[in-house]
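The model shown is predicted, which means the values in this text are computed figures rather than measured ones.
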Amino acid sequence: MTSTIGSTVLGYPRIGPNRELKRALERYWASHGSEAELRAVARELRTGTWRSLAAAGLDSVPGNTFSFYDHVLDTAVTVGAVPGRFTDLGLNPLDTYFAMARGVASTPPLEMTKWFDTNYHYLVPEIGPDTRFSLADTTPVEQYREAAELGVTTRPVLLGPLTFLLLSKPDDDAPDAFRPLDKLGELLEVYSELLRELRRAGADWVQLDEPAFAADRTQDELDALREAYHALGAQTERPNLMVAGYYGNLGDALPVLASAPVEALGIDLVAAPTTVDTLSTCRNLRDKTLVAGLVDGRNIWRTDLDTALTTAATLLGFAGEVSVSTSCSLLHVPYDVEAETRLDPRVKSWLAFADQKVREVVVLGRALAEGRDVVATELAAAREVVADRGSAEGVRDDRVHARLASLRPEHARRGDYAARRRAQQQSLRLPPLPTTTIGSFPQTTDVRKARAALRTGELDPATYTDRMRSEIERVIRLQERLGLDVLVHGEPERNDMVQYFAEQLTGFAATDNGWVQSYGSRCVRPPILYGDVARPEPITVEWARFAQQLTDKPVKGMLTGPVTILAWSFVRDDQPMAETARQVALAIRDETRDLEAEGIRVVQVDEPALRELLPLRSRRHKAYLDWAVESFRLATSGVADSTQIHTHLCYSEFGDVIDAIVALDADVTSIEAARSRMEVLDDLNAVGFDRGVGPGVYDIHSPRVPEQDEVADLIRAALRAIPEDRLWVNPDCGLKTRGYGEVDAALANMVRATASVRESLT
């Protein structure tokens, strides 16, 4: 096989340009659509993707990038790693798959956590000594054939065996010494079989993704990488193998892969441009194709094509062949910027979504293969955009920079915690094990329609305000009836916890159709942060004031923290992120002070993305955590001791940032804990955490309604780690995506469970 890869992308969005998959999934889950209808939508999306990528001029089209929920879950199903609690349900294969993702009845789903340093969530496979791998599902082969029938030759994309095992967790029955990596030899037999089947189906190339090696890895793990790819490369009946590492520098894994018997190596030169400096030391690259990730797969700024071509030219002497690609899959960006009809034309001209990035790859590939002259027009246009963005008005605000320059260390410091705690106890007078929620309540169809009508002008602002106030009163009365101790207003006016704030801060632009998959059917529209940030006027104060006037119980002010606003936006790349974070922090600081002035005694500043932005290499952790913690403290340190500051973190590996969680200096920290059954509390205790903690007792990412006894058991488990005077009871996350029927029942069980545990404490 001597075919080349040429220009390509490492993956593509899969939710549909108009979120077709989201709607089909939710119809199916609600029993309003059949499996056949769901599969028909999926096939149509795959067909559209393959044909559009081929028509765009790519030399190699990625295949097997579609998923009904998550590609890591897909891999677990492919290799037969389905825990017994799901096979015992007796469901059909598709419903078993969704049970692993979402849970059913009394069967909890797999854990969910963030995919490296992105806002994508994956399902964590469970592997034990008794796991028996097998080629249990041949979807990659079937989709290769499906594309071939359409006349499109694809390059199937598989999650690499090392990354699959390194992202897995030992199952509950595994002995302490067991590691999923111990099963590598057995897993490689399945991968060898799958590669053989793909070759027999006609595949010339297969892409194996190993992003786990952009992070720190032990010598044992590097040895396993060497073992795996020497074994797979030694197979006589297989396609050409392209191993892709992305999200950072492959470090010590680079020479391991360079010496492996694989035909191509993909590297991320956007996240790790210095990789170019180390390629000259990899002698074994001269008989390989180097797939250079020169177009950013994670952010939406147009590529500086001149710079990218210069980088590509430096690679020509290192490898047998150089191809051009995106830095990673385009899963992380929206489909098409041309679908945005209301964006400022100048800002829009600076942007490239997935379809535009595909065209950039094609331009770079042609320039590399045929010379710059054949794409001179495209290069000139890109050059003009880069120059325009650098000089545009509205990007820099001297007032913001002057305010930052005036800051002193004490602006990011609060008073002694013991004194704060006494003041808050006197002010709030809460019972033991106070109950609360994380912030949002279900967003009904009527609420969403009202927001849409306001945006189109069909609803006047006064009528809209009345409708939102009616919804807020409904939420307050519901919480009072259930007996919650600290209430929230439910956030009906918010489309998204980041976009809502971005739309009211300077320096941001919002999209209408810029949807990106977060997990399953859950999609977000990350705002575009292109300039300096300031808060022209209060954002949440009027809603919080109204809610507090309805009740004698404390109502939390609900804000999104600066790190999360950055993490869940497409952030400017023309200044250090730390500088941008401080700008956002000052805007949030103004909001916390205004909430306090209106009598709001509890303010929650959510930072679920704190772990998400943690650099994959440990040598960069301190610098990031220093500015991340400082920005949170800058946002929250302008209030009195008697105002209780909460924060919330979810679906992350908290142990990696446990010292930073302590350093945030929040009075109460709520964290995801239901799926992991309180495992995170051991990490908190290990560092002597002595603040309030609200470990989630209700997994809101599953439609399951937890029983009262189940919640009570979780509370008791938490009490074994956290004393009663510091323990809060709450769901894992906000309730926006759930329905009122299940939320009412789940919160009622949570409150009753708390009451029963309180009685046992007396």
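Applying the salt bridge (charged side-chain N to carboxylate O under 4.0 Å, His left out) criterion to Arg474, with sequence neighbours excluded, gives Glu471. Evaluation of the salt bridge (charged side-chain N to carboxylate O under 4.0 Å, His left out) rule for Arg51 yields no partner, not counting sequence neighbours. Shown here are the salt bridge (charged side-chain N to carboxylate O under 4.0 Å, His left out) partners of Asp70, two or more places apart in sequence or in another chain: there are none. Checked against salt bridge (charged side-chain N to carboxylate O under 4.0 Å, His left out), Arg14 has no partners two or more places apart in sequence or in another chain. For Tyr500, the ring-ring contact (aromatic ring centres under 6.0 Å, His included) test picks out no residue, with sequence neighbours left out.
A donor atom on one side chain and an acceptor atom on the other are not found under 3.5 Å apart for Asp446 and Thr444. Of the N and O atoms on the side chains of Glu142 and Thr138, at least one donor lies less than 3.5 Å from an acceptor on the other residue. For the residue pair Asp606 and Thr560, no side-chain donor N or O sits within less than 3.5 Å of a side-chain acceptor on the partner.
Between the CG atom of Leu110 and the CZ atom of Arg102 there is a distance of 13.5 Å, given to the nearest 0.5 Å. In this structure, CH2 in Trp50 is found 9.0 Å from CD in Glu149, a value given to the nearest 0.5 Å. In this structure, the separation between CD1 on Ile472 and CZ on Arg467 is 14.5 Å, given to the nearest 0.5 Å. Rounded to the nearest 0.5 Å, atoms CD (Glu491) and CG (Asp496) are 10.0 Å apart. The distance from the OH atom of Tyr12 to the NZ atom of Lys357 is 12.5 Å, given to the nearest 0.5 Å. To the nearest 0.5 angstrom, Leu158 atom CG is 12.0 Å from Phe164 atom CZ.
Checking side-chain atoms of Glu210 against main-chain N and O of Leu162 turns up a donor-acceptor pair under 3.5 Å. Between the side chain of Lys736 and the main chain of Asn495, a donor-acceptor pair closer than 3.5 Å is present. Side-chain N or O atoms of Ser134 include none that pairs as donor or acceptor with a backbone N or O of Gly80 at under 3.5 Å. Judged by distance alone, the side chain of Glu340 and the main-chain N or O of Asn513 form a donor-acceptor pair under 3.5 Å. Side chain of Glu473 to main chain of Arg469: no donor-acceptor pair is present (N/O by atom type, distance under 3.5 Å, no hydrogens or angles).
Counting only heavy atoms from C-beta outward, the side chains of Arg752 and Asn749 approach each other to under 4.5 Å. The side-chain heavy atoms of Val190 and Thr78, taken from C-beta on, include no pair separated by under 4.5 Å. Side-chain atoms of Ile438 and Ile700, non-hydrogen and from C-beta on, never get closer than 4.5 Å to each other. Between Leu714 and Tyr698, every side-chain heavy-atom pair lies at or beyond the 4.5 Å cut-off. Side-chain atoms of Trp29 and Ser521, non-hydrogen and from C-beta on, do get closer than 4.5 Å to each other. Side chains of Arg611 and Thr113 form no contact here, defined as non-hydrogen atoms less than 4.5 Å apart. At least one side-chain heavy atom of Leu21 sits less than 4.5 Å from a side-chain heavy atom of Leu38. Counting heavy atoms from C-beta on, the side chains of Cys328 and Arg298 come closer than 4.5 Å.
More than 12 heavy atoms of other residues, nucleotides or ligands shown are found within 6.0 angstrom of CD on Glu26. Around the CG atom of Asp172, the shell of radius 6.0 Å holds no more than 12 heavy atoms that belong to other residues, nucleotides or ligands. At most 12 non-hydrogen atoms from other residues, nucleotides or ligands lie less than 6.0 angstrom from CD of Glu707.
A salt bridge (charged side-chain N to carboxylate O under 4.0 Å, His left out) check over residues 74-90, counting only residues at least two apart or in different chains, returns the pairs Arg85-Glu126.
Arg494 and Arg451 make their closest contact through O-NH1, 3.3 Å (heavy atoms, listed as atom of the first residue, atom of the second, distance). Taking each heavy atom of Cys523 and Lys22 in turn, the nearest pair found is SG-CD, 4.4 Å. When all heavy atoms are compared, the tightest approach of Gly11 to Thr65 is CA-CG2, 4.1 Å. Summarising the geometry of Asn64 relative to Val157, their closest heavy-atom pair is ND2-O, 2.9 Å, with the distance given to 0.1 Å. Residue Thr49 comes nearest to Pro13 through the heavy atom pair OG1-O, 4.4 Å, listed as atom of the first residue, atom of the second, then distance. Summarising the geometry of Val82 relative to Thr96, their closest heavy-atom pair is CG1-CG2, 4.2 Å, with the distance given to 0.1 Å.
Taking the six-membered ring where the residue is Trp, Phe441 and Tyr740 present tilted rings, their angle falling between 30° and 60°. Taking the six-membered ring for Trp and thresholds of 30 and 60 degrees, Trp115 and His71 have ring planes more than 60 degrees apart, a perpendicular arrangement. Aromatic ring pairs are classed by plane angle as parallel below 30°, tilted from 30° to 60° and perpendicular above 60°; the pair Phe68 and Tyr97 is perpendicular. Using cut-offs of 30° and 60° on the angle between ring planes, the pair His646 and Trp728 is perpendicular. Between Phe570 and Phe353, the two ring planes are tilted [angle within 30° to 60°].
Salt bridge status for Glu111 with Lys169: present, with a side-chain N to carboxylate O gap under 4.0 Å.
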Run Glu503 and Arg455 through salt bridge (Lys or Arg N to Asp or Glu O under 4.0 Å) and show every step you take. CA-CA 12 Å; Glu503 288 175 343; Arg455 188 169 62 250; over 6 Å; no
